[in-house]
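Throughout, numbering of the chain's residues begins at 1 and tracks the sequence. Everything quoted here is computed from the prediction, not taken from an experiment.
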Amino acid sequence: MSFIVDRRLNGRHKSTINRQRFLKRYREHIREAVNDAVNQRSIRDMQRGERIVIPRKDLSEPQFHHGPGGRRSVVHPGNREFQQGDTITRPPGGGAGDGGQASNQGEGLDDFAFELDPREFLNFLFEGLALPNLIKRQLQGESSYRAVHGGIVSEGNPSKINIVRSMRQASMRRRALGAASRRQLGELKAEQAALLEQEQSPERQARLAELGELIARREGRVSRIPFLDTVDLRYNHTIRQPVPVSRAVMFCIMDVSGSMNQEMKELAKRFFLLLFLFLQRNYTHTEIVFIRHHTSAKEVDEQEFFYSRETGGTIVSSALKLTSDIIRERYPEDEWNIYTAQASDGDNWNDDSPTCVRILREELLPKMQYFAYVEIMPRRHQALWDSYMQVHLQHPNAFALQQIDGPEDIYPVFRELFRQRMEEHTP
């Protein structure tokens, strides 16, 4: 079996196929290195590559080589001189060093290191994650088109000529133009064959001569029909077809009351940025809406969302109501994939939590793909967590909640919220 490898997009002295084979072979080492790197860098640095180091011992492969030769002492299984637990004197001389430390005889070997490009880093970062209910499609804009086959036409660019259809058309034309002549030619040859079997006479000789001329004339007429004519040429026709593109909007809701300090806001910011980066990889068009609230909610820009200071109490339902109003005015649920991420310390007026549950059940969840709630560094779970837990138990595939205690919890919590679930792939 033959294989054709297209290396036109590869750089000099590089092979994409070999690199993909290498990444697949050492996937576990690379995934562990990526997870460690996530905990050591900021979310803004997620779109750059990473230097991966693989221990030399994990790169070793069995190979044939020449033995050391000479006389040497080896303890084989089943010997009578040594037993389990006996100590053996170390042989003289040094060996190869590890981790870049050279031995006293010969050279050492460093661990293998290579660079992951940003695309490969994000692939490993989001491996095994999936957005729930990624199903809606909507046409947007006039630039989302693709060239598709639009049939066969009789005029077009020579580079788009359809050889098969042109030859088929030429064959049908030759049959159509030569049908009458071939039919008459068959009749004349049949009459000629019949006369040749009969006894010859002057009349029959004259008729045979006449039939010969007619046959030659008919054969000439058939042979003059061109094998391929201009009218036979057919061309592939392409048309511009609108491409259904997926688009999503992410609502970021954050509590900015007096109980939320700047450290909590920074943790929420990292979670929001990670989610937005994930949405951009799954949707062609992505928008983001920032909603902050204390006793009242307001749509703001990113700078005010993360850095403006507020004081006062907390009424979470105000933010949920504003989210519902924005969806109704600007983001119809039949055209947009809607996701919401809410960050809070769990503080809320006790009589407001039932209102939040009602808004979620009746207004938001029926329109959304997913709602993720993260509680940041709570002293203890309060009424909002307990109320949201009821919503999660009733809508486990559309609503999820997790707790974040520190920066190291952001990525594990994110993976837990958006990991691929088996029930999503069950027919």
Side-chain angles (χ1 to χ4, degrees), residues 1-12 14-17 20 119 134-247 282-285 334-337:
M1 181 180 296
S2 301
F3 296 93
I4 298 177
V5 180
D6 186 1
R7 292 193 174 95
R8 288 175 296 179
L9 300 180
N10 296 337
R12 187 179 181 183
K14 295 182 180 179
S15 172
T16 301
I17 295 178
Q20 294 301 322
R119 178 183 56 83
L134 196 155
I135 54 176
K136 294 182 181 177
R137 301 290 184 208
Q138 177 68 17
L139 295 180
Q140 177 181 351
E142 298 180 354
S143 60
S144 299
Y145 289 92
R146 64 177 178 181
V148 298
H149 182 66
I152 304 296
V153 295
S154 57
E155 297 181 357
N157 193 322
S159 63
K160 296 183 178 181
I161 187 171
N162 190 309
I163 302 298
V164 175
R165 291 296 298 270
S166 298
M167 299 304 295
R168 184 185 303 172
Q169 187 69 22
S171 176
M172 292 188 295
R173 176 186 54 79
R174 292 195 304 269
R175 289 198 300 267
L177 295 178
S181 297
R182 290 191 181 91
R183 183 176 62 254
Q184 297 174 3
L185 185 61
E187 295 174 353
L188 293 175
K189 287 184 177 181
E191 183 180 355
Q192 184 185 44
L195 290 176
L196 290 174
E197 294 178 356
Q198 297 178 8
E199 184 179 352
Q200 298 300 317
S201 63
E203 293 81 3
R204 293 190 180 93
Q205 291 293 339
R207 179 57 182 171
L208 286 173
E210 182 182 359
L211 289 175
E213 295 178 0
L214 293 175
I215 291 174
R217 193 181 304 168
R218 295 293 186 275
E219 289 177 345
R221 183 178 299 178
V222 171
S223 64
R224 286 192 295 272
I225 298 176
F227 180 81
L228 183 66
D229 201 352
T230 305
V231 297
D232 302 327
L233 299 180
R234 294 296 181 266
Y235 303 88
N236 293 320
H237 181 54
T238 56
I239 60 176
R240 296 179 65 205
Q241 184 183 72
V243 180
V245 294
S246 58
R247 54 181 181 174
N282 289 274
Y283 291 99
T284 306
H285 302 279
D334 58 341
E335 301 179 5
W336 289 84
N337 294 277

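- For the atom pair CG of D229 and CD of Q169, the computed distance is 11.0 Å after rounding to the nearest 0.5 Å.
- Taking each heavy atom of R165 and R234 in turn, the nearest pair found is CB-CB, 4.0 Å.
- Using a 4.5 Å cut-off on side-chain heavy atoms (C-beta onward), R183 and E187 make contact.
- Minimum heavy-atom separation, Y235 to P158: CE2-CA, 4.0 Å.
- The CZ atom of R168 sits 15.5 Å away from the CZ atom of R173 when rounded to the nearest 0.5 Å.
- One distance of note links CG of N236 with CD1 of I163; it measures 9.5 Å at 0.5 Å rounding.
- Among all heavy-atom pairs drawn from R221 and S181, the shortest one is CD-OG, 3.2 Å.
- Formation of a donor-acceptor pair under 3.5 Å by the S166 side chain with backbone atoms of N162 is found in this model.
- A salt bridge links K189 with E219: the closest approach of a Lys/Arg side-chain nitrogen to an acidic carboxylate oxygen falls below 4.0 angstrom.
- Residues forming a side-chain hydrogen bond (donor to acceptor under 3.5 Å, both in side chains) with E210 (at least two apart in sequence, or on another chain): R207.
- Atom CD1 of residue I215 and atom CG of residue L188 lie 5.5 Å apart, to the nearest 0.5 angstrom.
- Between M172 and D232 the shortest side-chain heavy-atom distance does not fall below 4.5 Å.
- Of the inter-residue distances, the one linking E191 atom CD with L214 atom CG reads 9.0 Å to the nearest 0.5 angstrom.
- Among all heavy-atom pairs drawn from H237 and I239, the shortest one is NE2-CG2, 3.5 Å.
- Contact annotation: the side chain of T238 never approaches that of V148 to less than 4.5 Å [non-hydrogen atoms, C-beta and beyond].
- More than 12 heavy atoms of other residues, nucleotides or ligands lie within 6.0 Å of CD in Q198, so this atom counts as buried by the packing criterion.
- The distance from atom CG of L185 to atom CD of Q192, rounded to the nearest 0.5 Å, is 9.5 Å.
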